[in-house]
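Keep in mind that the numbers below use all heavy atoms, side chains included, and drop hydrogens, waters and symmetry copies. Residue numbers begin at 1 in each chain, while the letters A, B, ... track the order of the sequences. Computed from a prediction, not measured in an experiment: that's the story for all the values here.
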Amino acid sequence: MLSLRRVSAGYGSFRALFDVSLEVAAGEAIGVVGPNGAGKSTLMRVISGMLRSSSGELVFEGRSLTRLPAHRIVEAGIAHVPEHRRLFAKLSVEENLRIGAFLPQARRHYAERSEWVYALFPRLLERRRQLAGTLSGGEQQMVAIGRALMSKPKLLLMDEPSAGLAPLVVEQVFNLVRLIREQGFTVLIVEQNLQQVLAIVDRAYLLEVGRIRLSGSAAELKDNAMIQQAYMGL
Amino acid sequence: MTRVDIFLLEAVINGILLGGVLALLALGLNLIFGVIDVVWICYAELVMCGMYMLFWLHVFFGWPILLACLAAIVGVAGLGALLHLLVISPILGSAPINQLLATGGMLFFLQSLATLLFGTDFRNIGLRLPVIELGDIFISYSRLLAFGTALIGAIALYLFLSRTYLGIAMRAIAQDREIMGLMGVDQRRIYLTTSAVGGALAGLAACLLVLQYDVHPFIGLSFGPITFMICVLGGLGNMIGGFVAAFIMSQIIAIGGYYFSIEISYVLAFVFFIVLMFLRPQGLLAR
Amino acid sequence: MKDEVIRRLGPLLLAVLGLAFVPFVTSDYVLHIAIQILLWGFVYTAWSLMGKFGLVSLGHGAFLGIGAYASPLLWNYTGLTPWLGIPIGILLAVLLALIIGYPCFRLRVVGHYFALVTLALSQVALLTIVAARDITGGSLGMTPKAVGHSWYALQFPEKPYFYAIALVAWAFGLCIWHLVDLGKGRAALEAIAEDEGAAASIGINVMREKLRVTVTSAALTALGGSLLSQYFMYVNPDTLSGIAVSLQIVFAAIAGGMYSVFGPTAGGLFTIALPEILRISLGTNFVGAANTIYGALLVIFIIFMPRGIIGWVESRLAAAPAR
């Protein structure tokens with residue numbers, strides 16, 4: 001469904017990604033794990049068009065999306081839940097969802113989609129008119145995911161959904177992700193929280209200093225001695 | 001009621017009516033600042049262009065006034081979009097002061113262009129609307145019309161910003177520019193639309209002002225500075241604040257003009273502005 | 001340090017010496033233009049003292065107006081010599097700078113807000129002058145009582161005298177520019193421009209540094225204003241105060257290049273000579289044509305040469321050897 005071929009990217013003269021190749025098949029949940037500063041968020045930003053790659057190719061459903069601007073990539077069916085949620089704090093929950101449905105094709109299905117999102121996250125229905133900035137961390141994550149789902153994406157990118165949340169809320173958030181998976185979405189999730197993420201994905205890639213170090217099924221990675229030593233403290 | 005009180009009341013009412021048009025201008029400027037993060041120093045000069053368009057279409061080419069108004073609104077909207085494309089968008093990434101100055105250069109340019117094309121004569125559209133008598137108070141119909149239309153314009157803008165996808169996106173963009181692309185929003189198109197809407201508001205203001213004032217190349221200077229003060233007073237980009245500030249400023253001008261002279265009333269308004277900036281630097285309604 | 005002073009004063013001395021010969025070889029008309037360029041160049045340099053540290057003031061029209069009106073008013077109404085009238089004007093401008101600067105800096109009014117607050121200030125100055133028309137002549141302007149050639153009244157019908165005064169003032173302005181550039185305050189002001197909070201946290205007295213440069217800039221601007229009114233023997237609120245003048249000052253300084261010592265003067269050359277040339281070549285048939293072209297050029301300048309003429313030349317020179 002999505003494949004990255006030897007993608008490199010950076011900020012100015014600083015290179016953050018080196019020849020990263022990666023595959024996501026339809027219906028899969030893929031994790032990208034790695035330490036802080038490995039380039040995980042950069043990878044997400046390149047896929048969603050927030051950052052232009054310097055070389056390499058990005059193909060989605062047989063179509064090249066290489067170096068397209070972000071709004072064209074959403075159009076193609078990739079939605080990105082950004083790191084730290086990035087809600088429009090001074091807009092209501094409902095308005096945040098409407099922004100998510102900005103694309104003409106999404107506007108047509110707004111009523112039906114928003115109903116579906118509210119059914120998925122009943123809490124949001126209660127807080128529909130509340131300003132997004134006044135919600136709790138877990139609720140905000142629901143809005144962020146809901147907002148991304150409004151464009152009816154085929155692939156959902158999630159950048160550190162657990163970042164900055166209290167342990168109890170992190171548990172909730174991973175339940176949300178599980179819920180999304182059950183709805184049949186293809187998910188690409190970036191996480192630092194290795195144990196949690198390996199429990200919900202099919203396969204995962206380990207990113208270190210901008211390069212893919214390892215890849216394999218979730219079970220393989222869990223059993224990998226190097227990973228256990230470096231990231232799980234076993 | 002003594003004679004003096006009636007004149008004062010008249011001044012207050014006229015102040016409220018003037019406030020409507022100023023509020024409209026402040027809304028346009030705030031919209032542009034909020035969405036694009038630039039201050040159009042030449043905003044009032046766009047109004048001047050609109051007034052000239054109206055004048056020529058109606059007086060010279062004999063278009064019916066309503067059609068001429070519509071054409072002026074569309075015309076100034078186009079000017080706003082053009083200003084964005086030619087001047088603002090090439091320097092979106094440079095220092096804010098350069099953006100401020102580029103539009104300041106446009107102020108000179110538009111003023112001189114108007115002088116070149118039309119000369120420095122004061123031109124009147126020749127439309128005299130009746131004066132309404134309420135007991136001893138005289139209110140000009142054109143001011144009332146201007147106030148009413150400005151209010152309708154403001155409400156229309158409010159509905160646009162709260163009900164439509166485009167409007168919500170305009171409010172969102174002020175909060176987080178970077179992720180707008182992720183929502184499927186093309187920033188450049190939003191900027192262009194905003195510039196056109198800002199221009200249209202200036203065009204609407206032109207239609208209302210042309211009923212009360214003669215057109216000349218420097219008419220912008222009578223409204224421009226006070227509009228900036230209003231916007232800053234209300235908090236740059238804060239629409240409601242700007243709306244409230246417009247009526248405060250217009251009252252100061254109206255009442256000051258009644259007790260002193262028109263220049264003194266403007267001095268009072270500006271001094272009030274400076275003092276308030278020190279008391280509430282983030283704007284009147286800032287929390 | 002000593003080498004640095006010589007390296008900096010060298011070009012300046014050369015320029016002054018070169019310019020000192022101008023009166024002997026040209027007409028009064030050229031001198032008239034040259035005096036204006038020097039005096040305005042001096043004012044623009046004064047503005048750039050603040051501008052290059054991110055303190056974008058649109059209120060210099062007010063300081064200029066105070067300087068321009070103080071000495072003629074005192075001369076006409078009390079007979080006080082401009083030798084005292086000008087310092088009084090400067091003092092008033094400094095006072096105003098403190099009144100505006102202190103609360104602005106205390107409350108951290110910066111960026112757009114600072115520009116717009118000071119913009120209001122210049123408009124207050126303009127309208128006050130117009131409103132006080134019984135004393136100032138309002139928008140018709142006023143003329144200092146002429147007494148012919150007089151050192152006491154600082155009035156010289158012959159152009160070379162004023163040319164010399166303008167040249168000295170200009171050179172003085174550039175010396176101050178160098179002093180600020182070499183002084184300890186520069187690093188502090190640059191740090192403040194970068195990040196005010198961080199600057200304060202490393203022990204920089206933000207208030208004092210900002211006030212000092214503001215007061216210096218306002219004082220020099222007022223001096224420039226008074227010299228302009230002494231030279232023209234006529235003051236008018238629209239040409240020496242208000243928003244248009246404030247904008248003109250900022251434009252010239254930026255168009256010339258506010259980060260280089262000769263930049264604002266180049267801006268003066270641009271803003272005085274160019275409209276003059278356009279006016280002469282286009283004649284009076286097209287009122288406004290010269291200003292239209294001038295306005296368009298300003299916009300083009302800001303878009304394509306954001307560091308100004310001199311800044312552009314410097315970056316060209318720096319890039320050339322690399323190629």
Going from OG1 on C:Thr292 to CG on B:Leu113, what distance comes out if it is rounded to the nearest 0.5 angstrom? 5.0 Å
Checking heavy atoms, do the side chain of C:Leu298, its backbone, both or neither come under 4.5 Å from chain B? side chain
Under 4.5 Å between any side-chain heavy atoms of C:Leu116 and B:Leu236, yes or no? yes
Hey, which of B:Ile41, B:Asn98, B:Leu101 has the most heavy atom pairs under 4.5 Å with chain C? B:Leu101
Ring centres under 6.0 angstrom apart (C:Phe251, B:Phe108): yes
Between C:Leu58 and chain B, with a heavy-atom cut-off of 4.5 Å, which part of the residue counts as in contact: side chain, backbone, both or neither? side chain
Please report the shortest heavy-atom distance between B:Pro90 and C:Ile303, naming the atom on each side. CB-CG2, 3.9 Å
Using a 6.0 Å cut-off, check whether atom CZ of B:Phe218 has over 12 heavy atoms from anything other than its own residue. yes
Check the surroundings of atom CZ in B:Arg177: do more than 12 heavy atoms from other residues, nucleotides or ligands lie under 6.0 Å from it? yes
Max heavy-atom pairs within cutoff under 4.5 Å with chain B, candidates C:Ile254, C:Ile300, C:Leu247, goes to C:Ile254
Which atoms of C:Val109 approach chain B - backbone, side chain, both or neither, heavy atom under 4.5 Å: side chain
For C:Arg307, does the CZ atom sit with more than 12 other heavy atoms under 6.0 Å from it, leaving out its own atoms? no
Indicate the atoms forming the closest heavy-atom contact of B:Pro225 with C:Ile243, along with that distance. CG-CD1, 3.3 Å
Please state whether the side chain, the backbone, both or neither of B:Phe33 comes within less than 4.5 Å of a heavy atom of chain C. side chain
Taking all non-hydrogen atoms of both residues, which atom of B:Ile274 and which atom of C:Ala120 are closest, and how far apart? CG1-CB, 4.1 Å
Part of B:Ile91 lying under 4.5 Å from any heavy atom of chain C: side chain
Which bit of C:Arg133 is near chain B, if near means a heavy-atom gap under 4.5 Å: side chain, backbone, both or neither? side chain
B:Phe270 and side chain to side chain contact (heavy atoms under 4.5 Å, CB included): which single residue from C:Leu126, C:Thr128, C:Val124 fits? C:Val124
Please classify the contact of B:Leu100 with chain C as side chain, backbone, both or neither, using a heavy-atom distance under 4.5 Å. side chain
Region of B:Tyr266 in contact with chain C, defined by heavy-atom distances below 4.5 Å: both
Atom group of B:Leu86 that falls short of 4.5 Å from chain C, counting heavy atoms: backbone
Per-residue contact mode, B:Met229 against chain C (heavy atom under 4.5 angstrom): side chain
Under 4.5 Å heavy-atom distance to chain B, tell me which part of C:Ala115 shows up: side chain, backbone, both or neither. side chain
Hey, could you give me the CZ/CD distance between B:Phe228 and C:Gln123, rounded to the nearest 0.5 Å? 10.5 Å
Has C:Glu190 got more than 12 heavy atoms of other residues, nucleotides or ligands less than 6.0 Å from its CD? yes
